[in-house]
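Below is one structure, written out as structure tokens; comments come after it.
Just so you know, these numbers come straight off a predicted model, no measurement behind them. When a ligand or atom number is given, it counts from 1 through the structure's own listing order.
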Amino acid sequence: MKQGEPKTIYLQDYTAPAYRVDAVSLVFELGEDATRVTSVANYRRASGVAADAPLELFGENLELLEIRLNGLPLTATDYSVSDTGMSIPNVSALCTLEIVTRIYPQKNTSLEGLYQTSGNFCTQCEAQGFRKITYYPDRPDVMTVFTTQILADKQKYPVLLSNGNLTGSGDLADGRHWARWEDPFQKPAYLFALVAGNLQHVEDHYTTLSGRDVTLRIYTEAHNIDKCDHAMQSLKRAMHWDEQRFGLEYDLDIYMIVAVDDFNMGAMENKGLNVFNSKLVFASPATATDMDYVSIEAVIGHEYFHNWTGNRVTCRDWFQLSLKEGLTVFRDQEFTSDLHSRSVKRIEDVRMLRTHQFAEDASPMAHPIRPSSYMEINNFYTVTVYEKGAEVVRMYQTLLGRDGFRKGMDLYFQRHDGHAVSTENFLAAMADANAADLSQFQRWYDQAGTPDVAVRMAYDAAAQTCTLHFTQTCPATPEAAVKSPFLIPIEVGLLNSHGQDMLGTQVLRLTEAEQTFSFSDVPEQPVPSLLRGFSAPVKLSYPYTAADLVFLMKHDSDAFNRWDAGQRLAMQTILSLLAAHQQQEAFGLEHDFISAYQAILTDATLDHALRAEALTLPSEADIAERARPSDPEAIHTVREFIHATLAKALRLDLETLYADLHAQGQGDYSPDAASIGRRSLKNVCLAYLGRIQDDSIHETCLQQYMTAGNMTDAMAALSVLSRIECPQREVALQHFHDRWQHDALVMDKWFALQATSSLPDTLQQVQGLMQHPLFDLRNPNKVRALVGSFAMRNPLHFHAPDGSGYAFLTDRVLELDAMNPQIASRMVRPLMNWRQYETIRSGLMKAQLERIQTHAGLSGDVYEIVSKSLV
Ligand code: B3K
Ligand code: ZN
């Protein structure tokens, strides 16, 4: 651990900064051993602040070389320095502070602050990386204009980039060159960026709504320059969409994206200079799957949308992270929905929320979308802050309507452009623009946990009325044992016996712990369709019979609920088979269940993508959430049994559909929604067929793999084979390795496939792959592909009853923690939910958490997760 127990920071302790910065100018002299950073900042005491208030600056791992206040050198007694910063007691109301520091980017393995990747320099400052560059008020509510000058060897680093506009450049006599960038927009330090390296770029242009020309550039190492087209087109689509949907235009003359191989997360929205994990930039049909194409477009959009929601209006403090992240995720979800299939996007997002966010809400790390305390803010870039945060934003739109939501957004920008604000400001803008009382809505920001909503229906045939009775409860979470009721928008429909809507879709506002809604003129007993479109992030229960669910699967006018009815039916079936399995009773599938799946498979009127979603069973992780205490081996057995039984019963239909779709897909690759849908249905069929032990099917897989015209089909076939002990498996894996060993991103797929296999020797394989020449523990993508996939996407082997999976993960976490605490802290999380497993496994998991906790020199990042898990 850093120095004793890391300090907890509380929201309630927030105070406004005592000093603002009028302007800052930075000079970077990039060297091969060290980098010298000169910063000159003009400080101004905030009004109302006492004259003796010290100037407080953050700084970490810095060598302080020089310090001058208003031009005069300070002596050691004029200021005090600690491990985390510097304090200068006597400063005038207006002063200029010049600081020279030395840093070592080449040795920076944390990938935070200034570091090197593939021999190029780049920065990552969010959340608190700027303090690893120079002493500065590194907090989001201190905004100013930045000027950045970069000096570096011209041959090694021909490209020098920073935020804003290039205002000067030139050569120096010693082989170095320089560039100066000025960003006219005020910004907090976390949006600062610098890139220097040997990079090529592709260029395009965009004309904004008001007719301004914006230069668009994507920078990359030369060998990937041909894979940037999809990212560039995505950027243009995002710029256009934000103008159309929200009236928001880009504001600088140039927008740059740089792709780097070593990056802790997906991408970063630095003003005018986004830095991206190369995984989210490069695409070609041969190397990227449909899913890659779609995520690239979504993340390019996400970072672009941050220019308004995050950069122009930023966060007052890091507790407000969801103000920019929840809102921007909502915006990127809407972007994808408007461009592709809205229902498919909704299903995917909800699937992800239920699997990961509901699990987080049920874990020791449960926190509200606006947490009230943290030790290490990087631990709070979570599915709760991001994805649940997006659901909360979506609920405003559900409650206020699209137009009302847009009015709220307009008012938000009108009031807060250029400022650092809080989630209350967002709520107030939404409420004021619509003259609505949203005070109860605030609870979504303050209370953690997933609300349970239970519904009962009563129908009075004589009076032709129907009543829906709701109760809401919310489990205790670390910040509060007792919760107040949430304001929950519930979209409902009532279906008659022909499957038609009797009253369209209504939005009910559930505000009480118990509440009844009555509907009159309901001519017959309906089947209720509840929580249409997943109108709130809750768990809704209703005593549906299997027949009700089959009926909803067929008739619900809401595509999301049609899918959800199928998921409910599957989950009911899985849970009853699990119970039988645990009692060691024989089990089988009901005929009705099989015919419901056959109906989906053979219904040619249904959209391909939706059929693929409907045929996908709840994941092992989803089942583990519902079957407590969980036994991952039993869950795997039951789920595989259902797959295999369906595959055998429906083999003919599966083979026919597969052959049909395969024949239709022989043209050129295109990542449009229809083609993606066709491929996903085809590959779902193949995955089912792969559950039948039959050499001819293995041959079909190998055939698809070998002849695939795109990575989606190749990966789909390979992934089926990777789970089967057969000669075709070895042939295909070896072929893939030999074909792609020069391409790091593609090889990540190869590592991940083997890590997620259900074959018995998977852990040994993973251990072996750690020694593979292309594996590198310093590269986060590799760690996520091999270690992350094993621990997070292979419950069967990660939870091996002898504890070998847990011990393996613990060893990796400790190794990683010494070089990159942020990644270590992500990797440790699968151990966090130890309490949900049966006793033997939970004991083994807990023992590993204790081993980590007592490890000498543990980072604050990992310490926070582990100590909260063990409370
Ligand atoms: N804002 C960044 C995430 C920064 C993570 C810092 N640990 C990317 C994004 O959400 O767009
Ligand atoms: Zn974001």
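At least one donor-acceptor pair under 3.5 Å links the side chain of Glu360 to the backbone N or O of Thr384. Remark: side-chain polar atoms of Arg370 are not paired, donor with acceptor, to backbone N or O of Leu11 under 3.5 angstrom.
For atom 6 (C) of ligand 1, the nearest non-hydrogen atom of the protein is Glu126 O, 3.3 Å. In terms of protein heavy-atom proximity, atom 8 (C) of ligand 1 is closest to Ala267 O, 2.9 Å. Among all protein heavy atoms, the one lying closest to atom 10 (O) of ligand 1 is Tyr386 OH, 2.5 Å.
Set against the non-hydrogen atoms of Gln822, the atoms of ligand 1 under 4.0 Å away are 7 (N). Each of the atoms 9 (C), 10 (O), 11 (O) of ligand 1 lies under 4.0 Å from some heavy atom of His306. Close approach of ligand 1 to Asn378 (heavy-atom distance below 4.0 Å) involves ligand atoms 6 (C), 7 (N). Numbered from 1 in the order shown, with element, the atoms of ligand 1 that lie under 4.0 Å from a heavy atom of Met268 read 1 (N), 2 (C). Every atom of ligand 1 with a heavy atom of Met265 under 4.0 Å away is listed here by number and element: 4 (C), 5 (C). Each of the following atoms of ligand 1 lies closer than 4.0 Å to a heavy atom of Lys324: 1 (N). Every atom of ligand 1 is numbered from 1 in the order shown, and the set under 4.0 Å from a heavy atom of Glu269 is 1 (N), 2 (C), 8 (C), 9 (C), 11 (O).
Vertex the Zn ion (ligand 2), arms ending at NE2 of His306 and NE2 of His302: the angle is 100° after rounding to 10 degrees.
Looking only at N/O/S atoms, Glu325 comes nearest to the Zn ion (ligand 2) through OE1.
Across Asp861, Asn264, Asn779, a single residue satisfies side chain to side chain contact (heavy atoms under 4.5 Å, CB included) together with Asn820, and that is Asn264.
Backbone or side-chain N, O or S atoms of Glu269 do not reach the Zn ion (ligand 2) at under 2.8 Å.
Taking 4.0 Å as the cut-off between side-chain N and carboxylate O, Arg812 and Glu815 count as a salt-bridged pair. In summary, Asp204 and Arg217 do not engage in a salt bridge, as defined by a charged side-chain N under 4.0 Å from a carboxylate O.
Cation-pi geometry between Lys187 and Phe185 is not met: the NZ or CZ atom fails to fall both under 6.0 Å from the ring centre and inside 45° of the normal.
The shortest N or O to N or O distance between Tyr381 and ligand 1 is not below 3.5 Å.
Ring geometry for Phe441 against Tyr396 counts as tilted: the plane angle lies between 30° and 60°, on a 0 to 90° scale. Note on ring orientation: taking the six-membered ring where Trp is involved, the planes of Trp318 and Tyr190 are perpendicular (angle over 60°, cut-offs 30° and 60°).
Among pairs with a residue in residues 111-120, those fulfilling salt bridge (charged side-chain N to carboxylate O under 4.0 Å, His left out) read Glu112-Lys132, at least two apart in sequence or across chains.
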